[in-house]
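Not measured: the values here are computed from a predicted model. Chain A is the first sequence line, chain B the second, and so forth, proteins listed ahead of strands; every chain is numbered from 1.
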4 protein chains.
Amino acid sequence: MDHRITSSTKDEALVKKRLNQLQKGAVQLFKQKGFHRATTREIAKAAGFSIGTLYEYIRKKEDVLFLVCDAVHDEVKTRMENVIDRNSTSEEALRQAVFAYFQIMDEMQDEVLILYQELKALPKEEQEYVMQKEREMVGILERVISNSYANVLDEKNVKLVANNVYVQGQMWGFRRWLIQKEFTLQEYMEMQYQLLKSQLAFQAT
Amino acid sequence: MDHRITSSTKDEALVKKRLNQLQKGAVQLFKQKGFHRATTREIAKAAGFSIGTLYEYIRKKEDVLFLVCDAVHDEVKTRMENVIDRNSTSEEALRQAVFAYFQIMDEMQDEVLILYQELKALPKEEQEYVMQKEREMVGILERVISNSYANVLDEKNVKLVANNVYVQGQMWGFRRWLIQKEFTLQEYMEMQYQLLKSQLAFQAT
Amino acid sequence: MDHRITSSTKDEALVKKRLNQLQKGAVQLFKQKGFHRATTREIAKAAGFSIGTLYEYIRKKEDVLFLVCDAVHDEVKTRMENVIDRNSTSEEALRQAVFAYFQIMDEMQDEVLILYQELKALPKEEQEYVMQKEREMVGILERVISNSYANVLDEKNVKLVANNVYVQGQMWGFRRWLIQKEFTLQEYMEMQYQLLKSQLAFQAT
Amino acid sequence: MDHRITSSTKDEALVKKRLNQLQKGAVQLFKQKGFHRATTREIAKAAGFSIGTLYEYIRKKEDVLFLVCDAVHDEVKTRMENVIDRNSTSEEALRQAVFAYFQIMDEMQDEVLILYQELKALPKEEQEYVMQKEREMVGILERVISNSYANVLDEKNVKLVANNVYVQGQMWGFRRWLIQKEFTLQEYMEMQYQLLKSQLAFQAT
DNA sequence: CATGAATGAGCCTTCATTCAT
DNA sequence: AATGAATGAAGGCTCATTCAT
């Protein structure tokens, strides 16, 4: 699943299976207690095997966090790519992408929360790696926006707007205690999209 | 400084002074290591006194975090209120407020980072308290926006826009590894403000 | 050994063995320093394992004390029951029981001392449990006395006499600094028994 | 109050007053929490002055315990001596003394409990001192018994009986959870006295 | 004399990690 | 490959004692 985690095991298929169990279990656990409060014993249990076995597949507790972060990003990215029509330049394509993104962020609230709050618990190098994944995600949004409004916005503005949208998606889950008390998901998506359009429309004038 | 932290000591002035030392030291420390990795002994040292003395002024390690969160909010709020002209309804007032806010967020990047990442380490009740402070902060922005564009935006849109601006301010520091590589603060402020205006302008049409 | 102490470990045999080591070591240690002055590290060492291992078998330091109290009572009780002839109603049976009891108290002086002095260090619930065991012990003596002199003493007197004997046995160890300087064990046993008999004899007249 | 506790203070009257406050407060406190669980701060507070002042009159926490033990013994002794008619040799005198002793033990249950349970917390030397006081107390009982039944019991028997009575008195409070559930004080006194008399009477035959 | 703020040694407990089976 | 018992470093917190005011 990732070269960064070296296990002594060789059987590729098994390793994959175990790491998958691990990541699945860990996400559930981290949702409840966060990374710091979860013990390695609990992680092993959540994954369905023993401490001893856990350490056959990871070297440090942090590796589990990395695994989770990585998996979350991968899932978000995969889902986004399935939805986006790269060739379309229509406004409708933008709408679709943005709504899809918000939808995904809604469904993966807890996972995103983990990612946000525990990132700094990773070693520098792995933080870099995760950040890179974030950049890619923003990049996807940039492309969509740019495809739809290429002639309206300069590159820098696209970057900023994409970043704003990206953050707005995350905040839906991250600041749920505030936002989700004021808006339904439908409202939030719709209104943010209208604001987005108004930005683009205005610049076009 | 806050009634939640009961110290056994009585001398109000001294308590204030010590809690201030503590908060100042803790912010510096948490910037480097985060709350979890910082030991109580390190916190005490950073504050300039011994463990024993530390526990004369707090009851649990978490109290230090709370102290920091509280102080950060207070400072942001105070600064904002000094800058905002509550009576003015001009567009210029909005610009001033937004720029001031971004400026403050820039100066207090590290503090805000701590606040964001460690909030969930607080006990539920104190999380509530901190969230309430966030709501107040957003409320300030709401008022400014609403004052300037009362007739343009409905209440709900004001809420959303205010929240967006608030988050954008925090993200300047929180996602610095991305944003600050693409924009200078001036650019960021200016561009975000232009986007904001375009939203408002468009709605007005 | 006791359901009250839940260890995370599963292997029953090992748990039994470890708890036994623990109890044995703890008694030796508590004899020297008492419960309060003994550190958990010292307890672990005395038991022959590390701190970490200690806490695989107990949850709180108090648990060790409880373990010891429980074991002491169990041993005293078992020994007594092995000696007592439940069917005999002869005076000889009483003599045998009383002497056996004093003998046991002599051999287990230190353990009894611990039990006496540290009982109140236990949480209320466990104090209750230990007290119940004491009641049972006194109950055994009651039965022996009552068997031998049923027609002589009313129930209440039996209770009182049994309690007196019980306490006299404990005091042999507990007040050794006084009693053992004045009497040999043989003397003490013999004389106390004579006094006991005289009480019973007199009531019978 | 006692030469063992050296205070830097000179004013004899004040010292006496302070030590008295201290002892009075400490007894109340120890009754509730025991010696170990009581902090020096709490002791100072209970005595009505500050920590700093506390340490003007004692050198170690243990000194407070010693003070208390000493005071308890003194009070018991004084009370006993007020009651006992040293010259009387009648049986009535014995009855009076024993009843008085039980009565005192009833009234001073908590104090005696402290004394019993915390003795071993004292340094060896002071333990000795307290034990000496116990010996004196037993001595008083010996004398009373011996006065009444001099010609009946040999010296050793008197010692034993006196010790038994002494212990029975303490146990009224110490094992209250058992004894006081079965007997009223009146019953206990009366019955123990009857048993005592039966011992003496029997020996006399 | 009295005060109480400051100190830091030391305690209990947790938990990531290892390793023999 | 899997297990889980064992380990001990490290952390949070308490509290007896001191000392400057």
Looking across every strand, which nucleic acid part, if any, lies under 4.0 Å from C:Arg37 by heavy atom: base, sugar-phosphate, or nothing? nothing
Checking only heavy atoms, does the side chain of B:Arg41 share a donor-acceptor pair with the base of F:dG12 at less than 3.5 Å? yes
Rounded to the Å, how far apart are C:Glu12 CD and F:dA5 C1'? 15 Å
Does D:Lys31 come within less than 4.0 Å of D:Glu111, counting only side-chain N to carboxylate O? yes
Grab the CZ-P distance between C:Phe49 and E:dC19 for me, whole Å please. 21 Å
Considering only NZ, NE, NH1 and NH2 on the basic side and carboxylate oxygens on the acidic side, decide whether D:Lys133 and D:Glu128 come within less than 4.0 Å. no
F:dA5 phosphate, OP1 or OP2: any side-chain N/O from C:Tyr57 under 4.0 angstrom? no
To the nearest 0.5 Å, tell me how far B:Phe35 CZ sits from A:His36 NE2. 10.5 Å
What is the nucleic acid contact for C:Arg18, judged by heavy atoms within less than 4.0 Å: base, sugar-phosphate only, or nothing? sugar-phosphate
Look at A:Lys61 and E:dT17 and indicate whether a side-chain polar atom (N or O) is within less than 4.0 Å of OP1 or OP2. no
Judged by each residue's nearest nucleotide on DNA chain E, which is more toward the 5′ side, D:Gly52 or B:Gly48? D:Gly52
OP1 or OP2 of E:dT17 less than 4.0 angstrom from a side-chain nitrogen or oxygen of A:Lys60, does that happen here? yes
Between E:dC15 atom C1' and A:Lys45 atom NZ, what is the distance in whole Å? 16 Å
Looking at B:Glu56 and D:Arg41, is there a salt bridge between them, counting it only when a charged N and a carboxylate O are closer than 4.0 Å? yes
Atom-to-atom span, CG of A:Leu54 to P of E:dT18 - whole angstrom: 12 Å
Rounded to whole angstroms, how far apart are CG on B:Leu14 and P on F:dA20? 17 Å
Rounded to whole Å, please give me the gap between CD1 in D:Ile43 and C1' in F:dA16. 10 Å
is_close_aromatic(C:Tyr116, D:Tyr116), centroid dist under 6.0 Å: no
Side-chain N or O of B:Tyr55 less than 4.0 angstrom from OP1 or OP2 on E:dG8? no
Tell me whether the OP1 or OP2 atom of E:dT14 has a side-chain N or O from C:Arg59 closer than 4.0 Å. no
Starting at atom CG of B:Asp11, determine the distance to atom P of F:dT21, rounded to an integer number of angstrom. 15 Å
Touch class at under 4.0 angstrom, heavy-atom based, for D:Ala38 against every strand present: sugar-phosphate
Both B:Ile51 and C:His36 contact DNA chain E. Taking the nearest nucleotide for each, which residue is further toward the 5' end? B:Ile51
Could you tell me whether C:Glu118 and D:Lys120 make a salt bridge, using a distance below 4.0 angstrom between a side-chain N and a carboxylate O? yes
Does C:Thr39 reach a base, just sugar-phosphate, or nothing at all? Heavy atoms under 4.0 Å. sugar-phosphate
D:Leu65 CG to F:dA16 P: how many Å, rounded? 13 Å
What is the base-pairing partner of E:dC11, counting Watson-Crick and G-U wobble geometry with both distances under 3.5 Å? F:dG12
Find the partner of E:dA20: check Watson-Crick (N1-N3 plus N6-O4 or O6-N4) and G-U wobble (N1-O2, O6-N3) distances, both under 3.5 Å, and reply none if neither fits. F:dT3
For E:dA5, does OP1 or OP2 lie under 4.0 Å from any side-chain N or O of B:Thr53? no
